[in-house]
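Chain letters run A, B, ... following the sequence lines, proteins first and then strands; every chain starts at 1. The structure presented is a predicted model; accordingly, all values stated were derived computationally and were not measured.
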Amino acid sequence: MVNGTICIFATHKKIMAKRTRIKDLLNTTDFGKKVTVMGWVKTFRNNQFIALNDGSSINNIQAVVDFNSFDESLLKRLTTGAAVSIKGEVVESLGKGQRIEIKVNELEILGDSDAEKFPLQPKKHSLEFLREIAHLRFRTNTFNAVFKIRHALAYAVHKFFNDKGFVYMHTPIITASDAEGAGEMFRVSTIDPDNIPRNEDGSINYKEDFFGRATNLTVSGQLEGELAAMAFGDIYTFGPTFRAENSNTTRHLAEFWMIEPEMAFYDLNDNMDLAEELLKYLIQYALDHCADELEFLKNRLLEEEKSKPQAERSEFDLLAKLNFCLDNNFERISYTEAVSILKNSKPNQKKQFKYLIEGWGSDLQSEHERFLVEKHFKKPVILTDYPADIKSFYMRLNEPDAEGRTTVRAMDILFPGIGEIVGGSQREERLEKLEKRMEEMHIPAEEMSWYLDTRRFGSAPHAGFGLGFERLVLFVTGMTNIRDVIPFPRTPKNAEF
RNA sequence: UCCUGAGUAGCUCAGCCGGUUAGAGCAUCUGACUGUUAAUCAGAGGGUCGCUGGUUCGAGCCCAGCCUCAGGAGCCA
């Protein structure tokens with residue numbers, strides 16, 4: 001575990017010598033050193049040159065075989081995808097294109113890879129094709145970079161909150177509450193579908209079910225998070241979330257990961273400050289710790305853009321886009337202000353919007369959000385104080401404005417290319433107002449008694465938000481389809497692997 | 001769920017107005033070469049044209065239904 005080497009153990013004996021990770025090898029100046037490297041063959045060129053990758057770096061090491069001193073039958077097995085162990089000497093490369101290489105002394109095939117069947121070739125594959133072989137796509141440069149960044153961002157989330165004294169709270173995956181109404185839920189049940197127990201009126205008798213009641217996979221840990229925030233002050237959740245919506249877009253998954261901080265004694269402004277600080281911290285963390293990966297993805301995007309018409313190409317490359325986000329304050333405007341900007345905007349006046357802005361009260365369409373973020377402000381935008389009618393019951397009510405319109409203390413952070421990346425609010429802490437709102441929205445108060453207890457005993461102002469982790473990874477990696485930033489995407493009609 | 005588009009070799013794609021034996025590049029296999037960088041050169045093999053049905057003398061191509069994928073919309077994170 002020292003000098004960048006790790007040990008591999010079998011169950012009862014050490015089966016392999018220490019290996020050197022390729023990432024460390026690529027930085028070494030230790031010429032003449034004898035090393036063992038293990039990895040997977042990317043290509044084997046000219047019967048001499050193995051491009052070897054062990055996942056530690058997006059870059060390969062070149063191992064050079066003297067084909068006269070090795071069995072031809074052994075060299076034949078150096079196919080793309082094969083796992084090999086190489087003992088050799090670190091030497092300065094004779095060729096151009098790499099600084100160092102390994103002169104191979106011993107070569108062992110650990111696992112063959114039938115070239116006729118292995119689907120990955122040393123060439124560009126479409127992301128659609130790689131999605132069909134998600135179990136192997138980790139071995140490509142692109143997904144090596146994407147999932148390294150995903151890891152770094154996940155770690156950074158915990159570091160950010162831990163450093164601020166937040167408590168990481170595990171909220172339940174299986175939940176009985178479906179109160180938030182955040183979309184269709186997946187039912188959790190052990191009832192035999194061929195023999196459903198029924199009540200006299202024909203409805204399903206959930207008393208017979210595993211939990212003795214109807215249960216679902218969680219759509220949000222927020223309500224439970226609020227309970228914890230009312231004791232710990234500052235908490236966050238970071239876990240899987242499930243929505244059974246039939247959404248077929250580049251931004252939606254049936255199973256995704258969400259980060260939900262909840263803070264006592266925060267108002268909406270504190271909430272926005274924290275969200276903006278978090279997003280900038282995470283972007284900065286990726287820039288600081290994933291330089292190689294981001295560089296690779298930047299070039300990948302530039303390559304891809306070449307095939308697009310000039311008008312559709314983006315203004316910035318990936319790194320410039322990320323830095324731009326760091327250097328600028330997010331624009332904060334109210335829903336009411338946004339509506340007036342949109343009403344007077346060119347696309348609205350010229351009737352280029354598919355949905356024209358008529359007046360106050362309806363939700364903004366994605367074309368409107370995109371206009372605000374990508375055309376008008378050209379930076380991330382935080383929209384606040386939405387009409388109460390289109391938002392959830394737990395959001396804190398504002399006093400009606402001069403025209404008698406009621407809004408809630410909600411905020412959505414909109415990012416270019418992604419749309420809504422964060423949704424949050426200051427919560428309604430006043431019991432009577434909350435109960436009245438629940439009644440209006442037909443939310444059964446009896447079932448939510450545990451939630452309302454927070455307002456009955458020591459209620460306090462508090463706020464929180466949800467950050468879609470995959471949407472963040474999308475933004476940072478510059479990928480365009482959310483199915484390519486989660487290892488095993490679950491979408492309608494697809495739960496392969 | 002709605003709208004639009006697509007589905008042809010392992011991959012990426014071409015296939016004219018419905019007409020003979022469905023093509024290319026890459027990959028694979030065989031051989032050559034041996035400091036290559038998506039190596040190169042020569043040759044070979046490889047097809048349920050998404051599925052089902054229909055129209056027609058004749059369907060990869062036209063029609064209907066279904067499945068899957070992609071992009072957009074809605075819902076949202």
Asker: In whole angstrom, give me the gap between the C1' atoms of B/G19 and B/C61.
Answerer: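 To the nearest whole Å, 11 Å.
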
Asker: Not counting sequence neighbours, list each pair that qualifies as a ring-ring contact (aromatic ring centres under 6.0 Å, His included) and has a residue in residues 477-497 of chain A.
Answerer: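 For residues 477-497 of chain A: A/H135-A/F497, A/F138-A/F488.
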
Asker: If the C1' atom of B/G60 is compared with that of B/G18, how far apart are they to the nearest Å?
Answerer: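 Roughly 11 Å separates the two C1' atoms.
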
Asker: Please report the distance separating the C1' of B/C49 from the corresponding atom of B/G7, rounded so that it comes out in whole Å.
Answerer: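 The answer is 10 Å between these two C1' atoms.
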
Asker: Look at the side chain of A/E101 and decide which nucleotide, out of B/G74, B/C11, B/U36, has an atom nearest to it.
Answerer: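 So the side chain of A/E101 is nearest to B/U36.
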
Asker: Report the secondary structure of RNA chain B in dot-bracket form, marking unpaired bases with a dot and bases paired to a different strand with |, and treating Watson-Crick or G-U pairs with both distances under 3.5 Å as paired.
Answerer: (((((((..((((.....[...)))).(((((.......))))).....(((((..]....))))))))))))....

Asker: Name the nucleic acid region contacted by A/S126, choosing base, sugar-phosphate or nothing; use a 4.0 angstrom heavy-atom cut-off, strictly under.
Answerer: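 Sugar-phosphate contact only.
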
Asker: Show me the donor-acceptor pairs within less than 3.5 Å that the side chains of residues 63-70 of chain A make with the rest of the protein, sequence neighbours left out.
Answerer:
unit_1	atom_1	unit_2	atom_2	d
A/D66	OD1	A/N68	N	3.2
A/D66	OD2	A/S69	OG	3.0
A/S69	OG	A/D66	O	3.2

Asker: What contact category does A/H252 fall into here, base, sugar-phosphate, or nothing, at under 4.0 angstrom with non-hydrogen atoms?
Answerer: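 Base contact - A/H252 has a heavy atom under 4.0 Å of at least one base atom.
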
Asker: Which of residues 415-424 of chain A have a heavy atom under 4.0 Å from RNA chain B?
Answerer: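 Output list: A/E420, A/I421, A/V422.
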
Asker: Sugar-phosphate means primed atoms, P, OP1 and OP2; the rest is base. With that split, encode nucleotides 3-9 of chain B 5' to 3' as B, S or - using protein heavy atoms under 4.0 Å.
Answerer: -------

Asker: Knowing that exactly one of A/F377, A/F324, A/F475 qualifies, which makes a ring pair (Phe, Tyr, Trp, His ring centres under 6.0 Å) with A/F415?
Answerer: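 Output: one option passes, namely A/F475.
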
Asker: Check nucleotides 38-41 of chain B against the protein and report each pair of N or O atoms closer than 3.5 Å, with its distance, or say if there are none.
Answerer:
unit_1	atom_1	unit_2	atom_2	d
B/A39	OP2	A/R45	NH1	2.7
B/A39	N7	A/N46	N	3.4
B/A39	N6	A/N46	OD1	3.0
B/A39	N1	A/N46	OD1	3.0

Asker: For residues 154-162 of chain A, tabulate all N or O donor-acceptor pairs below 3.5 Å that involve a side-chain atom, not counting sequence neighbours.
Answerer:
unit_1	atom_1	unit_2	atom_2	d
A/H158	ND1	A/Y236	OH	2.6
A/K159	NZ	A/D163	OD2	3.1

Asker: Can you tell me how far the CD1 atom of A/I413 sits from the CD atom of A/E331, to the nearest 0.5 Å?
Answerer: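 Spacing of CD1 (A/I413) from CD (A/E331) equals 13.0 Å.
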
Asker: Say we look at B/G47 and B/G35: how far apart would their P atoms be, to the nearest angstrom?
Answerer: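 One P to the other, the span is 38 Å.
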
Asker: With respect to the side chain of A/Q121, which nucleotide from B/C26, B/A73, B/G35 is positioned closest?
Answerer: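 Per side-chain heavy atoms of A/Q121, the pick is B/C26.
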
Asker: List in chain and number order the residues that pass salt bridge (Lys or Arg N to Asp or Glu O under 4.0 Å) with A/R483, two or more places apart in sequence or in another chain; answer none if no residue qualifies.
Answerer: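 Counting only residues at least two positions away or on another chain, A/R483 forms no salt bridge (Lys or Arg N to Asp or Glu O under 4.0 Å).
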
Asker: Expressed in angstrom and rounded to an integer, what is the separation of A/Q62 atom CD from B/U36 atom P?
Answerer: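 Going from A/Q62 (CD) to B/U36 (P), I get 10 Å.
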
Asker: Rounded to whole angstroms, how far apart are CG on A/D66 and P on B/C33?
Answerer: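 Checked: the CG to P distance equals 16 Å.
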
Asker: Kindly state whether the pair A/F469 / B/A77 counts as stacked, where counting means centroids closer than 5.5 Å and planes tilted less than 30° apart.
Answerer: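 Whether judged by distance or by angle, A/F469 falls short somewhere, so it does not stack on the base of B/A77.
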
Asker: Where do A/A229 and A/E262 come nearest, in terms of heavy atoms and distance?
Answerer: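 A/A229 and A/E262 have their closest heavy atoms at CB-O, 3.6 Å.
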
Asker: Taking the C1' atom of each, how far is B/U20 from B/G58, in whole Å?
Answerer: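 11 Å, rounded to whole Å.
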
Asker: Would you tabulate the nitrogen or oxygen pairs shorter than 3.5 Å linking the protein to nucleotides 68-71 of chain B?
Answerer:
unit_1	atom_1	unit_2	atom_2	d
B/A70	OP1	A/R131	NH1	2.7
B/A70	OP1	A/R483	NH1	3.3
B/G71	OP1	A/N481	ND2	3.1
B/G71	OP2	A/N481	ND2	3.2
B/G71	OP2	A/R483	NH1	3.4

Asker: Treating primed atoms plus P, OP1 and OP2 as sugar-phosphate and everything else as base, which nucleotides of nucleotides 42-49 of chain B get B, S or - for protein heavy atoms under 4.0 Å?
Answerer: --------

Asker: Out of B/C11, B/A73, B/C76, which has the shortest distance to the side chain of A/R243?
Answerer: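 Among the listed nucleotides, the one closest to the side chain of A/R243 is B/C76.
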
Asker: Considering only the C1' atoms, how many Å lie between B/A59 and B/A22, rounded to the nearest integer?
Answerer: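 So the two C1' atoms sit 13 Å from each other.
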
Asker: Just call it for A/F129: base, sugar-phosphate, or nothing, with non-hydrogen atoms closer than 4.0 Å on any strand.
Answerer: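 Contact class for A/F129: sugar-phosphate only.
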
Asker: Contact class for A/E116 vs. all strands (heavy atom < 4.0 Å): base, sugar-phosphate, or nothing?
Answerer: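 Sugar-phosphate, backbone atoms only, no base.
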
Asker: Is there a salt bridge (Lys or Arg N to Asp or Glu O under 4.0 Å) between A/D412 and A/K391 once you walk through the steps?
Answerer: CA-CA 11 Å; A/D412 283 357; A/K391 287 290 181 182; 3.3 Å; yes

Asker: I need the full list of ring-ring contact (aromatic ring centres under 6.0 Å, His included) pairs touching residues 39-59 of chain A, with sequence neighbours left out, sorted by first then second residue.
Answerer: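 Every candidate ring-ring contact (aromatic ring centres under 6.0 Å, His included) pair involving residues 39-59 of chain A fails, so no pair, neighbours aside, qualifies.
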
Asker: Could you list all the salt bridge (Lys or Arg N to Asp or Glu O under 4.0 Å) pairs where at least one residue sits in residues 463-473 of chain A, not counting sequence neighbours?
Answerer: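 Salt bridge (Lys or Arg N to Asp or Glu O under 4.0 Å) check on residues 463-473 of chain A returns A/R150-A/E470.
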
Asker: What orientation do A/F238 and A/W257 show, parallel under 30°, tilted 30 to 60°, or perpendicular over 60°?
Answerer: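 Perpendicular, since the angle between the ring planes exceeds 60°.
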
Asker: Would you indicate which nucleotide in B/U28, B/U1, B/G35 comes nearest to any side-chain atom of A/Q98?
Answerer: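 The answer is B/G35.
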
Asker: Taking B/U8 as the reference, what is the distance to B/G46 when you measure between their C1' atoms (whole Å, please)?
Answerer: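 One C1' to the other, the span is 14 Å.
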
